[in-house]
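Residue numbers start from 1 in every chain, and the chains themselves are labelled A, B, ... in the order their sequence lines are given, proteins ahead of strands. The figures that follow rest on heavy atoms only: side chains count, while hydrogens, waters and symmetry mates do not. Everything numeric here is computed off the predicted structure, so don't read it as measured data.
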Amino acid sequence: MSPKRRILVTSALPYANGPIHLGHTLEAVQTDIWVRFHKLRGHECLYVCADDTHGTPIMLKAQADGLSPERLIAQVHVEHARDLADMLIGLDNFGSTHDAENGAICARMYRGLDAAGYIVKRTIRQAYDLKANMFLPDRYVKGTCPNCGAPDQYGDSCEVCGATYSPVDLKNPVSAISGTAPVERDSEHYFFRLSAFEDRLKSWIKSGAVQQSVAHKLDEWFSQGLKDWDISRDAPYFGFEIPGAPGKYFYVWFDAPIGYLASFAQLCARTALRFEDFFAADSSVELHHFIGKDILYFHALFWPAVLEGAGMRRPTGVHAHGFLTINGQKMSKSRGTFITTRRYLESFPPEYLRYYYAAKLGPGIDDLDLNLEEFATRLNSDIVGKLVNIASRCAGFIGKTAGGRLADALPEPELFAAFAAAAGTIAAAYEGRDYAAAVREIMALADRANQYIDQRKPWLLAKQAERASEVQGVCTQGLNLFRTLMIYLKPVLPAMAAKAEHFFQEPDWTWEHAAAPRLGAPIRPYEPLALRLDPAAVARLVEPAAAAAPAAPANSATPAAAAPVSIDEFMRIDLRIAKILAAEFVEGADKLLKLRVDVGDLGERDVFAGIRAAYTPADLVGRLTVVVANLAARKMRFGVSQGMVLAAGPGGRDVFLLSPDAGAAPGMRVK
RNA sequence: GGUGAGGUAGCUCAGCUGGUUAGAGCGUGGCACUCAUAAUGCCGAGGUCGAGGGUUCGAGUCCCUCUCUCACCA
């Protein structure tokens, strides 16, 4: 065993404008397994994270929800903390980038950067929304691409031709916030001189801080030349004001990674840990960041440079992972594949997903697909059929024929030794974040354990009373093989391991426990450690979430990028002209109206629509509109909704039902 | 467009520095067993390792070209 290491680990900060979904969970699980593994090995390993709470999207979402930003992020923080905890993510601290500690550290680091000459001021021209009285981030300006003429493109790049530009280059630009045409205005911004760090960053990357393929990726950026980084934003902005610069705020991406430090500072404040030990320039403590590959730029260039510029240590490792896809497709709300962690947890234990992720996670930045069918068969086969089965098929004999006591010796110590000898390769796989390799190795051993039991056939021996001690021996062997495997899997399956510890009457297994068998000790009666998954229940995860309102829930706060669809995909949506025959208020629902609509050939049906604030039943009866006719029926508290009426607008009173021109008749297909 | 990753049995993947008839799990066909949450064990079917060319005594493994997929681009 290596000498005791001191390690601080982070995973990326979830943004506080939405729930934790399975993509966040993938990263949290990857990080948590790594942390638990090191703890199991006896190292001092700490894991901190925080909510990322600043920036324009949060500010606008809070406005739209009629809340203060502080209130919004406080609510989200509670949900995020609960979701992560319920996934058994063992965070030592979960803070917020809006916490006072973060403001203080940001200010301190900024002063350090400024004093060292790494901050420069420069005036830039930027799009300004005269109606909303604010400068517009690139993503909040839309218009026609100056390069290829594609309409409706964002202010930073064109999704059609790939050109990049600044919002002021767009033709016919429009503010996504007010809908008015923005003007250009000058503003003084503060820049971090990233270019000054090129050599130091290159040597840092050479130190092995990032994966090989990531290093290649970074080379590309180096070869283009590092640009200085704009770290300021003008008021109104939800964030921290820059010291000595009234009306100027730190850009959200400046204070977000500093949130790692702030969260750790909170941990220090309530323990004996010393912040300086971890972040002084000469710190020997390891610092590891787990992130998605999309934010490599911030973590592998800006972040080490900012730390270094502020006179602090650099990260030991930045580990990027790929994205989660579901049934082979990007997570998408419209496909029903946007699965929140809460929704998963309502039906399934956290460890099933943890195991599945572990079984498929390699050290690279490949995407990982959650195939729901495979998820169910894999869990049932690996965990229930193989692993837990070892204990399940042995425990009964120990109870019945051996008085609940393990034998004093193993009949085949060399088989146990083979299991114990795997510790090295399994540990190396965990350390290198190749959990899939670790799981493969463990499951291969589980196969061997089942083979062993099959060969020795304790159920036959048990029929001969004089061979009782043989039965006890075989089952002691089997249980010890199981025990070693559970110890190896403890980072992935902490709760199941705890149950197994209870079964063996041992407290807190460490990695070393796997090396020696448990002998001559009593065990508790066996209780099932894992239940089978019902594939049908798993499949239901991708059915439409029950939470969203039925009428087009246009959330105007964030201009969401609609991914392109093929004509075939579009044609799968059966849009029909419908005539509203009747409309009524729904008892107990303050947003819904119940509509009876005539869809021609398709007959009449009931549709619930969240348009009560905008329309009264009298407004609607007799008019024509458009419905999605093949939307899966959804059971609501008030009845079953058999479709969706189409409407535009941000919601509330500003909802506008679609109407066809004269001549359209109920049942006509819209295409 | 640039860059990165990847295309190996129906599915998910492993194949280290090139070397015997290309592997695993799941699924599938058959047999056995009945201790175990219809779990387990054994046997089998199933692959021209994306395509083409090259280097080599020998290439899934190295080089080149092409092709397809996925991802990222301050």
Which nucleotide wins on minimum distance to the side chain of [X], given the candidates [options]?
| X | options | answer |
| --- | --- | --- |
| A:R393 | B:rU40, B:rU37, B:rG41 | B:rU40 |
| A:W459 | B:rC33, B:rA5, B:rA36 | B:rC33 |
| A:D367 | B:rU37, B:rC13, B:rC70 | B:rC70 |
| A:F397 | B:rG25, B:rU37, B:rC35 | B:rC35 |
| A:D382 | B:rA71, B:rC42, B:rG25 | B:rG25 |
| A:D366 | B:rU40, B:rA5, B:rC13 | B:rA5 |
| A:R532 | B:rC35, B:rG25, B:rA39 | B:rA39 |
| A:E374 | B:rU12, B:rU40, B:rC35 | B:rU12 |
| A:S381 | B:rC26, B:rA5, B:rA71 | B:rC26 |
| A:N389 | B:rA39, B:rU34, B:rG25 | B:rA39 |

Do [X] and [Y] come close enough that some side-chain heavy atom pair is under 4.5 Å?
| X | Y | result |
| --- | --- | --- |
| A:I258 | A:F250 | no |
| A:K457 | A:V474 | no |
| A:L26 | A:K360 | no |

Please determine, for B:rC62, whether a Watson-Crick or G-U wobble partner exists with both distances under 3.5 Å, and give it or none.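 Result: B:rG54.
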Which base sits across from B:rA24 as a Watson-Crick or G-U pair, both distances under 3.5 Å?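 B:rU12 is the nucleotide pairing with B:rA24.
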Suppose you measure atom C1' in B:rU61 against the same atom in B:rG18; what distance do you get, rounded to whole Å?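 After rounding to an integer number of Å, I get 6 Å for this pair.
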Axial cation check for A:Y190 ring with A:K248, 6.0 Å and 45° limits: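 Judged by the rule, A:K248 and A:Y190 form no cation-pi pair.
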Atom [atom1] of [X] and atom [atom2] of [N]: how far apart are they, to the nearest Å?
| X | N | atom1 | atom2 | answer |
| --- | --- | --- | --- | --- |
| A:D454 | B:rA39 | CG | P | 15 Å |
| A:F323 | B:rU69 | CZ | C1' | 17 Å |
| A:H321 | B:rG4 | NE2 | P | 21 Å |
| A:D294 | B:rA5 | CG | P | 18 Å |
| A:K457 | B:rU40 | NZ | P | 15 Å |

Below 6.0 angstrom between ring centroids: does that apply to A:H21 and A:F338?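 Yes: the rings meet the under 6.0 Å criterion.
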I want to check one thing: is the phosphate of B:rG4, taken as OP1 and OP2, less than 4.0 Å away from some side-chain N or O of A:Q211?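 No, outside the criterion.
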With heavy atoms under 4.0 Å as the rule, sort A:Y452 into base, sugar-phosphate or nothing.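 It contacts nothing in the nucleic acid.
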